[in-house]
Amino acid sequence: MNFQLTLAWRYLTGRVLRTTLTTFAVIFGVLVIFGMNIVLPTMMEGFKANMMAAGGVVDVTVTHVSGGGFPAEVARKLDGIPGLSAYAVSLERTVNLPPDFVDGDPARPDRVSAVNLVGLDPEAARSLQVYLIDEPGRFLQANDTNAAVISESLADAWGVGLGDTISLPSVSGLTDLTIVGILPPRTLPGNEEVLVPLAQSQAMTGQEGQINTIRIALTSVDESARAEATAAIQSALGSGYQVGALDPGSEMFASLKLGQAAFNMFGVLALFMGGFIIFNTFRTVVAERRRDIGMLRALGATRRTITGAILTEGLVQGVFGSLIGIVLGYLFGAFVVRLSAEPMKSFLNINMGSPVVSPALVVTSLLMGVGVTLLSTLLPARSASRVTPMDALRPSLAEVEYKRRAGASFISGVVMIGIALLGLVSGNMGLIALGGLLFLGGLILAAPMLLRPIAWAFGRLLAWFYARQGIADLAQGNLTRQPGRVTVTASATLIGLAIIVALGGMTTSLTGMMDDILHKTLGSDYLFIPPSVAVWNSDLGASPDFAARLGEVEGVEAVASLRFAAGAINGQAVSVLGLDPQTFPQVAGLDFTEGDEAEAYAALASGRNMIVNGAFLATLGVKVGDTVEVTTPEGPRSYTIVAEAVDLLNAKVVTAYISQANLAADFGRTDDVFIMLNLKPGVALEDVEAQIKAIAADYPQFTVMAGKKYIDDMMQYMNAVWAVMFLLLIFLAIPSLIAMMNTLAINVIERTREIGMVRAVGATRKQVRRLVVAEALLLAAVGTAFGILAGLYLGYVIVAGIGVMFPMTYEFPLAGVLAAIAVGLLFGALAAVIPARQAARLQVVEALRYE
Amino acid sequence: MSLIQTENLTKIYGAGEAAVTALDHVNIAVNEGEFVAVMGPSGCGKSTLLHLIGGLDRPNEGNVRIEGVALAEMDDDALTKLRRQKIGFVFQFFNLIPVLTAVENAALPVTLDGVKPSEAKKRAAEWLTRFGLGDRLAARPDQLSGGQQQRVAVARALVSEPALILADEPTGNLDTRSGDEIASLLRDVTKKYGRTVVMVTHDPRIAAYADRIIFLKDGKVVDETNLERKGAADQIASKMKEIGD
Amino acid sequence: MSVRHAILGLLAQKPRHGYELRAAFEAVVGGEEAWEVKPAQIYTTLERLEEAGLVTCVSDLGEGAEPARRIYALAEPGRQALSEWLAEGVTPTHQRDEFFVKLIVALASGESDPAHLIQTQRGRLYQELHDLTTRREACNPQTEMAQILLLDKAIMHLEADLRWLDIAEQRLEEVRRQPLPEPELRRRGRPPKGDKGSTYPPPVPVNS
């Protein structure tokens, strides 16, 4: 209704600070949700684009469900299927290039950090796609060796031309390729491609006889005929193959999705806090306008009109907040995309395109922002509709029914906390997780009753600072006068700070554990590290020859390696790592949680047995002793789980360790992706370094590093990650800052007359300012106290949760608690700045006249 | 038939020992076109009487009839509608919505009744102009003096063309001069515009503007004075006649 | 305050004859009802003023003609007397209050219900007030501010009377409980001004 909109708009513009703060609460939540949902899909798009070949007439793409290679013969099964016009097989691998590959300067990363090595059958490929090559260049021919076709843009980036030779890393050292043709510049996002004959790429990647992609063109454009053909292809190939969308690198997607989920949770929490802020504001708004509302009722406004007017006000804020949030979220997302483009490119070989915004995301963000706002406005709006016309004529009523409710909520809160603690003792993971929610809820419910004693305790503390001025007493009294409002504010602070403490608990515990595992699993003297650790699929390995040459160096005691193949179990991608059961335990190690170490290695050597990590057990819902069917390029194979163990690099990925012999037999992979080396006792690093590095020069895909240094680097890196995470969490605690500022602003406006009175009887501006600051600090202290309490519990829950995959013990998060206290008090002081200035600036006479 | 008729109107606040009888079987009648003042010491129940007549509150016993219709039998929505269409209110603390302009405030009752905003504003502007506020239509309440705000409130009470105006201490928050202006305006409301006004006041000077004064004490009617019939106004009228002759 | 000083003041404005003076006087005090002065009073006063040398007769159209024809002007001593009068403050005159006496008599004699007396009196006062406010409203503030002022004064006095009636009503029981003064004995020989505390409430000046 027009009238309600006018009223809402006027009221909102009448209280600029409050409206701004409240709207900002919505903006923030939407910003986080929207921004984060831009960043990750953009990364995924980039990732997909890397994997996807360009255009042509390709209708259907076939890949193995594991994302890995499969025998080239599989393609024969397609012969004779009706409806197919043509197909072409290829073996495509990302080849990561070290930062100093082209210019030899490690400090200045190259513009091209990775290329897609595409091995194809030239004839078949041309039947699907036209390759425009300028004379005198030519396309590949089936019998070409060491020939390649690249795009003009790549040629420019590398500074090469037709007839020049380029060197690319391969499993057997550097391979030289002669450029025989140049394609037009690449315009699509994603990696540049280096086209070579299929046999060439099979040799370079160590995947003899394997392909990983079949591209198919269909004859018909009719929907149903196409669906029929697709179904025929699927049935010809069997369930081990994926027909349709290209979906390699699911392990990558999984970890990106996990990140997205986490950020969405933060966004929802931020919105939740925003909801608290809005609720607080509107509760005050209704109390403040009791007389206006009563007046409207007396003049003939129905209850529905009043509810509508308040809801409209919420709606206006919700819509504006969400829209601004979306715009800022886009900017934020675009900023993050730009910021992360470089690291993404060099670490994960993802070229990020422009930010991806789906209409669904816009709608969802809008709905969530507006929804939360309306939801938080609902209760105040309903209480507003209960204002009677008589309220227009009476002095405003105090919150009479409040105390009665406080008692009931206290009891239910305590009961909830009790249940939560019981859940913790029970050790049942589901109960513990549920307990986290109960604990938070219980704390919020119990808070109003606890408020007075806590405020009193902190008040004493504060009185010690502001000795003999009565400020602490007054602040304490003011704060406890509106226990409901303070509780809601403290709850917002609680959530913000609980996250900090909880994550602090997690990182503290995790760091301790990581340190432990690092030394156990990566304790070797030398490491040969591929560019993309843990996302093995995109790493180009080295043939066993490399490890063998390293083993021959004098002074080297033992060499162990990890090999990789992509597998799948029940449609879930599994990272299958091959190790040598004899040499591996000598050089490196796994951290065993279940099963005997020696027996497990022996079992790997003796048959189709596997050691798996916690993520594996948790994701697939199996236990040690079970037998699982692994989808391999050769078909399904049964493996028995003999032990649970973890190593640092693969901890978060669903991983199974099998013997290298089995890996070669079932997956056809023999290339090493990660190599560790131990020196003989008494041999100094310097003695062998030169020799090792000389051998490694042929394999630039590996970074050679001393194990100790690697561990140090890892720890340093981890600490940096934690630091960034803490910053992010502080960012996420911003709504609690808004909440406090909002509450203080409300308090100051509400008590304008009182402040005038205090000034009239002799308080200086400075004292008034201090009064507000004291109140802010008290408010922050209450929220912080609750937040730390909740955070400790939640942290424990998280650690217990991770403990399912990772054996770890809970350590008290001193850093997190200190950070929470610092953030809480800092925010408290910050929140006081504007309201305190406002209060101090009040003119005594005007303040006294204020109604 | 009287416009307003109360029958044994009784209102008790609180319960048990703390119960306070604000109105005790009050029977009054107000005729159309009359300007009635209700007087009495504070706490005598005069405001309560006004609230009950206006359907803002419900009696414990007895009934109020407006144009013969009993309010006791109406539900909240019906009462709301009655207030919207038949009754205008003027309060002590003007009670203007601070974020709306003078004309928007005055237009509120008709806006709430679903009249097109432009039409509602037009009507409100007419009343405001009659009351000498034609040049302050767009002013916010805080830009108006107390007297001006109360004139806006009177315009608001009249905009829906109600038969009855209820005024609760309309001059209580005004200086003498503005008080006189408002009282005289209310008298005009009855004399010029033919409405009925019931006004609660404790100010004799303001009460004297009325045609009739009802005195309440301890929730009961203790006295009534008719000022218009035998008062000096008659003499004035006869004097005017003489001059005319 | 006397008619005398009013005449001096009016003559200071311009010379006038007796009839004119009376009309001007009535206009100043707000009409016949407010303060009635008979023509004879004017002429007697004028004669006395002339004898005292405060005014002079400036035009005497007919020898020993009708007083109405004689035009008087202010003499120098008259001007001095006028300015002396103007310079002084005015002590309000406490007039006897008839209603108060009625009330006490009713209390003392028991012949009538004092509460009823108060009610009747209140009705009268309200009627008076109603009349005055009506008249006041009829005045044009652009041209008749002097009359409005005078009416305001009367209105305010009436308001005070009405408030006093309220107080009297509230305290009626108290007065009844206290021993009543012997009205004749106490009040005789002592001026009401000096008789503080002997009666409550003290006499109220009323200008009507």
Side-chain angles (χ1 to χ4, degrees), chain B residues 34-44 132 171 175-177 179-192 199 201-218 221-240 243, chain C residues 26 30-34 99 113-142 144-145 147-174 204 206 208:
Chain B
E34 240 192 323
F35 184 6
V36 175
V38 179
M39 288 202 74
S42 55
C44 70
T171 63
D175 58 67
T176 314
R177 208 173 136 187
D180 277 333
E181 277 172 21
I182 293 301
S184 143
L185 196 68
L186 287 173
R187 177 144 68 185
D188 284 351
V189 166
T190 56
K191 301 293 167 285
K192 266 199 214 161
M199 169 180 74
T201 183
H202 69 277
D203 186 346
R205 179 198 184 105
I206 299 302
Y209 280 83
D211 303 333
R212 183 153 63 103
I213 303 178
I214 295 171
F215 294 94
L216 280 185
K217 201 179 168 191
D218 300 329
V221 177
V222 290
D223 193 13
E224 248 191 84
T225 305
N226 205 323
L227 306 176
E228 195 65 6
R229 214 169 297 158
K230 19 174 203 183
D234 287 350
Q235 295 166 20
I236 293 172
S238 59
K239 251 182 213 164
M240 293 299 216
I243 294 164
Chain C
E26 275 188 2
E32 212 178 334
E33 317 90 318
F99 175 72
D113 178 8
H116 188 71
L117 272 185
I118 288 176
Q119 239 169 52
T120 313
Q121 178 65 7
R122 183 185 280 134
R124 281 296 296 271
L125 291 181
Y126 267 115
Q127 278 169 14
E128 188 74 23
L129 190 57
H130 184 75
D131 172 37
L132 286 175
T133 53
T134 311
R135 278 176 60 193
R136 183 187 180 282
E137 218 170 278
C139 291
N140 182 351
Q142 307 298 321
E144 299 172 297
M145 193 42 88
Q147 281 90 325
I148 290 177
L149 268 181
L150 190 62
L151 283 167
D152 272 343
K153 184 167 157 81
I155 287 170
M156 283 168 176
H157 276 282
L158 271 175
E159 275 184 75
D161 284 349
L162 279 163
R163 292 226 163 86
W164 178 80
L165 272 185
D166 285 345
I167 294 170
E169 193 174 37
Q170 281 165 27
R171 305 264 162 109
L172 210 52
E173 284 311 305
E174 254 175 279
V204 177
V206 176
S208 60

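First the proteins, then the strands, lettered A, B, ... as listed; each starts at 1.
B:Thr171 places none of its side-chain heavy atoms less than 4.5 Å from the side chain of B:Arg205.
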Practice item. Please assess B:Asp211 against B:Lys191 for the test salt bridge (charged side-chain N to carboxylate O under 4.0 Å, His left out), listing each intermediate value before the final yes or no. Key: CA-CA 10 Å; B:Asp211 303 333; B:Lys191 301 293 167 285; 3.1 Å; yes

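B:Ala210 touches chain C through its backbone: at least one of N, CA, C or O sits under 4.5 Å from a heavy atom, while the side chain does not. For a residue to count as touching a neighbouring chain, one of its non-hydrogen atoms must lie under 4.5 Å from one of that chain's; by this rule C:Ile155 touches chain B with the side chain only.
Using a 30° and 60° split on the angle between ring planes, B:Phe215 and C:Tyr126 fall in the tilted class, from 30° to 60°.
With respect to chain B, the highest number of heavy-atom pairs below 4.5 Å among C:Arg136, C:Gln119, C:Arg122, C:Arg163 belongs to C:Gln119.
Residues C:Asp152 and B:Arg177 are not paired through a salt bridge, judged by the lack of any N-O separation under 4.0 Å between the basic side chain and the carboxylate.
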